[in-house]
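A short write-up of the structure that comes next.
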Amino acid sequence: MTPLEELRHSGSHILATALLRLFPDAKLDIGPPTDTGFYYDVDLDHKLTAEDLLRIEAEMKKVVDENQPFVRKEASRQEASDIIRSRGQERYKLGRLADIPEEEKISFYQNGEFMDLCAGTHVRYTSKLKAFKLLSIAGAYHRGDEKNKQLQRIYGTAFPTKEELARYLDQVEQAKQRDHRKVGKDLRLFVIDEDVGQGLILWTPAGSIIRQELQNFISEELRKQGYSQVFTPHIGKLELYKISGHFPYYKESQFTPIVENESLARILGEGCSCADMVARLDAVSARLAGQINERTGRETVTADRIKPDEQLLDGFMLKPMNCPHHIKIFASQPHSYRDLPVRLAEFGTVYRWEQSGELNGMTRVRGFTQDDAHLFCTEDQVAQELLGCLSLVNTVLTTLGMNDYRVRVGLRDPDSNKYTGLKENWDKAEAACREAAKTLGVAFKEEPGEAAFYGPKIDFVVQDVIGREWQLGTVQVDYNLPIRFDLTYSGADNQPHRPVMIHRAPFGSMERFCGVLIEHFGGDFPVWLSPEQVRLVPVSEKTLDYARELLGALKAAGVRAAIDEHNDKLGAKIRRSEVEKVPYALILGPKEAESRSVSIRSRAKGDEGSAPFEQFLPRLSQEIRSRALSEKRKQP
RNA sequence: GCCGGCUUAGCUCAGUGGUAGAGCAUCGGUUUUGUAAACCGAGGGUCGUCGGUUCGACCCCGACAGCCGGCUCCA
């Protein structure tokens, strides 16, 4: 344990000490340190309130002042069990005791009257906890399993000094100012309307400009890399998703199917309730999943194996992924090995049923647009194509200055049967991902259980302002869908061969990416992305005509500009431009009008002095065209 | 979905069992302004929705919806 973890871990023991003084009935579970502090999970009938938190914190202060030593005591398994029982903590602690492997030593740590089963280590005295704060109460399932009882989790944090604690709390406060939900509202980038629905993003004009610029950017890169652009509809027949496997494997995450009118009339005629309908859909998917699982590793299900009697209901599904549609475009004509790779790209909108408690601004939504593409290639081409995809992701992130990401290679969970396809192919695909990730030149972590149901993937993961991780770009190797859809191409030997598919989305979804991007820039977008690039600020009405003339010139040059026509003093107009995060304000007074110049005020540098408009415009155009990153904002 | 908290004007937020207030924004006027907030005035809310308690509810109780923080989930 690092010294900081030790301090925080001791914090959680002190928390428990104080808690038991105030609530002797509390049953303790576990209290580990975290990246940012510590918590303790407790089972307590009394619902803890914010006021309780203050009382507990005050009691913790007393424990600290009592300067209790932390003392380690080793015990045999039987002794340990006795200690736990004698303290009335058997409800969870006995289970935790049972988790300790046979060969490991069992230890307790005691401070004052409190004693806890604990491997350690701890600071020497409670007085070491000089700077701490309890932060919040939340529900947390015992052992992280939603089938178990939900306990109350008390979060807190601790630092070696009061200054560091204050700095941390200040940082958290600063971060909240960058929250994309706040900035998005302030700058009017997007809205979510409860009548439209939770998790459904409405892109306002300003936000749409950012999205459009990003899409233009990525489209340019796709043209360079030989992609073809396609368009497909937002729904597909249930049949399609039975073949793809989404229907059985992905059921929990999908919107309820749109049942065809005739089908609906038929089952309603049979007296089916809504519940019956759902049950029937469940029966179909359960049967399909069962059939597929039996065959995993030996046989596979292809289109012709779906039996007619399994089509109990006809209807459509809102597409949860774009791949089946793209596959059908690929399959619509015969392919030669000479055609490959075929790369089909689409900004494709998909819909997924996320639990209401999981929705979050733009980063976790129910409808989103992926910058998606599917590559159909020969097995020999997989490595090369993977590199191309990773280089694309790299270009994207570099251009936006987003260097703060981690790479995750998502592999199968060895204990799960939620995957489709042959073991050999999974092995090949996982090896390909691993190899490709190595070429990135950045550290990556292999994580079992993070694969898609059809194949392993390489994900790019970033953190939001409050430290939550979000997956953005993703590249996935897939040997399975080509089999399920019986895709083939003619090889040099004039025999049919199975292509390999690569799924990839450098941004992941436009919604999530923009959410993270808003936080990344704190709303101070580079000029090429800024909804308003130049604010024309006449010093008074007297120079309004000059401003209008320049507005025309800027618009003709493709620059997004606007005039501040408010009847305010200059300072107020400057302030408005700053608050609205416009990268350039051009101050236009009589001097400027006279000399055909502009007084430039940039978000980054403040007052830059005057320059002829004829010099400013090319400089601006170049900055936009090159998609330059802006210098950091000058603090007022 | 689960636990807890929250919901008052476009935004940020006060407020009391006797049907509401500030700042900013908006609109009108005065001012004609030189690098982060000129001045005066006006309009704007069935206090999230629906029920209940009460002579009377924005306030107390309940349900629902939405939001926020966690947990679970994220193929």
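Each chain gets a letter, A, B and so on, in the order the sequences are listed, and its residues count up from 1.
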I'd like to know whether Phe255(A) forms a ring-ring contact (aromatic ring centres under 6.0 Å, His included) with Trp353(A), so could you lay out the CA-CA distance, the side-chain angles of the two residues, the decisive distance to 0.1 Å, and finally the verdict. CA-CA 5 Å; Phe255(A) 276 80; Trp353(A) 185 258; 5.2 Å; yes
Could you check Arg512(A) against Arg364(A) for side chain to side chain contact (heavy atoms under 4.5 Å, CB included), going step by step and ending with a plain yes or no? CA-CA 7 Å; Arg512(A) 178 176 291 179; Arg364(A) 189 82 183 263; 3.7 Å; yes
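Salt-bridge formation is detected for the pair Arg596(A)/Glu549(A): a Lys NZ or Arg NE/NH1/NH2 atom is positioned less than 4.0 Å from an Asp or Glu carboxylate oxygen. Comment: Arg406(A) engages Glu469(A) in a salt bridge, judged by a side-chain N to carboxylate O separation of less than 4.0 angstrom. The residues Glu578(A) and Lys581(A) are annotated as not salt-bridged, no charged nitrogen and carboxylate oxygen being separated by less than 4.0 angstrom.
For the pair Arg364(A) and Asn360(A), nearest-nucleotide mapping onto RNA chain B gives the more 5' position to Asn360(A). The residue among Leu151(A) and Leu359(A) whose nearest nucleotide of RNA chain B is located toward the 5' end is Leu151(A).
Residue Glu592(A) is in base contact, counting any heavy-atom pair closer than 4.0 Å across all strands shown. Residue Gly589(A) is in base contact, counting any heavy-atom pair closer than 4.0 Å across all strands shown. Using a 4.0 Å heavy-atom cutoff across all strands shown, Arg468(A) reaches sugar-phosphate atoms only and no base atom. Residue Lys591(A) is classed as a base contact, given a heavy-atom separation below 4.0 Å to a base. Among the atoms of the strands shown, none is found under 4.0 Å from any heavy atom of Tyr454(A). Residue contacts for Glu194(A): at a heavy-atom cut-off of 4.0 Å it reaches the sugar-phosphate backbone alone, with no base atom in range. As judged by a 4.0 angstrom heavy-atom cut-off over every strand, Ala138(A) is placed among the base-contacting residues. Nucleic acid contact for Lys182(A): none, since no nucleic acid atom lies under 4.0 Å from a heavy atom of the residue. Residue Ala585(A) is classed as having no contact, given no heavy-atom separation below 4.0 Å to the nucleic acid. Heavy atoms of His566(A) sit under 4.0 angstrom from primed sugar atoms or phosphate atoms, though from no base atom.
For Arg181(A), a side-chain nitrogen or oxygen approaches OP1 or OP2 of C68(B) to under 4.0 Å. Residue Tyr39(A) places no side-chain N or O under 4.0 Å from the OP1 or OP2 atom of G69(B). A sub-4.0 Å separation between OP1 or OP2 of G69(B) and a side-chain N or O of Ser136(A) is absent. Lys542(A) has no side-chain polar atom (N or O) that falls below the 4.0 Å cut-off from OP1 or OP2 of U32(B). Side-chain nitrogen and oxygen atoms of Gln152(A) include none within less than 4.0 Å of the OP1 or OP2 phosphate oxygen of G4(B). Between Arg153(A) and G4(B) there is no side-chain N or O to OP1 or OP2 distance below 4.0 Å.
Side-chain contact annotation: Tyr351(A) with Gln254(A), donor-acceptor N/O pair under 3.5 Å absent. In the model, Asp43(A) has no side-chain atom that pairs as donor or acceptor with a side-chain atom of Gln152(A) under 3.5 Å. Glu346(A) and Thr232(A) share a donor-acceptor pair across their side chains, judged by distance under 3.5 Å alone. There is a side-chain donor-acceptor pair under 3.5 Å between Thr474(A) and Gln476(A).
For Lys133(A), there are no salt bridge (Lys or Arg N to Asp or Glu O under 4.0 Å) partners at least two apart in sequence or on another chain. Applying the salt bridge (Lys or Arg N to Asp or Glu O under 4.0 Å) criterion to Lys182(A), with sequence neighbours excluded, gives Asp186(A).
Atom-to-atom, CG of Asp564(A) to C1' of U35(B) comes out at 13 Å; the value is rounded to the nearest Å. Here the C1' atom of nucleotide C3(B) and the NE2 atom of His46(A) are 14 Å apart, to the nearest Å. The nearest whole Å value for the distance from the CD atom in Glu173(A) to the P atom in U12(B) is 15 Å. In this entry the distance linking CG of Leu44(A) with C1' of C3(B) reads 13 Å, nearest Å. Between the C1' atom of A25(B) and the NZ atom of Lys185(A) lies a distance of 14 Å, rounded to the nearest Å.
Comparing atom distances between the Ser599(A) side chain and each of U33(B), G34(B), A37(B) picks out G34(B) as nearest. For Ala140(A), the side-chain atoms get nearest to C71(B) when compared with the rest of C73(B), U12(B), C71(B). Minimum atom distance to the side chain of Glu578(A) is reached by A36(B), of the listed A36(B), U33(B), A37(B). Here the nucleotide nearest the side chain of Ser356(A), chosen from G1(B), G4(B), U32(B), is G1(B). Considering only side-chain atoms of Gln198(A), the nucleotide from C67(B), C73(B), A36(B) that sits closest is C67(B). In this structure, of A38(B), U33(B), A36(B), it is U33(B) that holds the atom nearest to the side chain of Leu570(A). Taking only side-chain atoms of Ile587(A), from C-beta outward, the nucleotide of G1(B), A37(B), U35(B) with the closest atom is U35(B).
Only the C1' atoms considered, U32(B) is 44 Å distant from U46(B), to the nearest whole Å. When the P atom is used for both C68(B) and C47(B), the distance is 24 Å, rounded to whole Å. Nucleotides G44(B) and A9(B), compared at atom C1', are 6 Å apart to the nearest Å.
Residues from residues 141-150 of chain A with heavy atoms under 4.0 angstrom of RNA chain B, sorted by number: Tyr141(A), Gly144(A), Glu146(A), Gln150(A).
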In the 5'-to-3' direction, what one-character label does each nucleotide of nucleotides 43-50 of chain B receive under the scheme B = base within less than 4.0 Å of a protein heavy atom, S = sugar-phosphate only, - = no such atom? --------
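Between His142(A) and the options Asp29(A), Asp41(A), Asn148(A), a side-chain hydrogen bond (donor to acceptor under 3.5 Å, both in side chains) holds for only Asp29(A). Among Arg548(A), Arg576(A), Lys573(A), the one residue that satisfies the salt bridge (Lys or Arg N to Asp or Glu O under 4.0 Å) test with Glu565(A) is Arg548(A).
Pairs of residues two or more places apart, or lying in two chains, that qualify as ring pair (Phe, Tyr, Trp, His ring centres under 6.0 Å) and include a residue from residues 455-480 of chain A are Tyr405(A)-Phe460(A).
With hydrogens and angles left out, the side chain of Asn567(A) and the base of U30(B) share a donor-acceptor pair within 3.5 Å.
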Nucleotide pairing, RNA chain B (Watson-Crick or G-U, distances under 3.5 Å), in dot-bracket with [ ] and |: (((((((..((((....[..)))).(((((.......))))).....(((((..]....))))))))))))....
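Figure legend: cation-pi geometry between Arg153(A) and Tyr39(A), with NZ or CZ positioned under 6.0 Å from the six-membered ring centre and within 45° of its axis.
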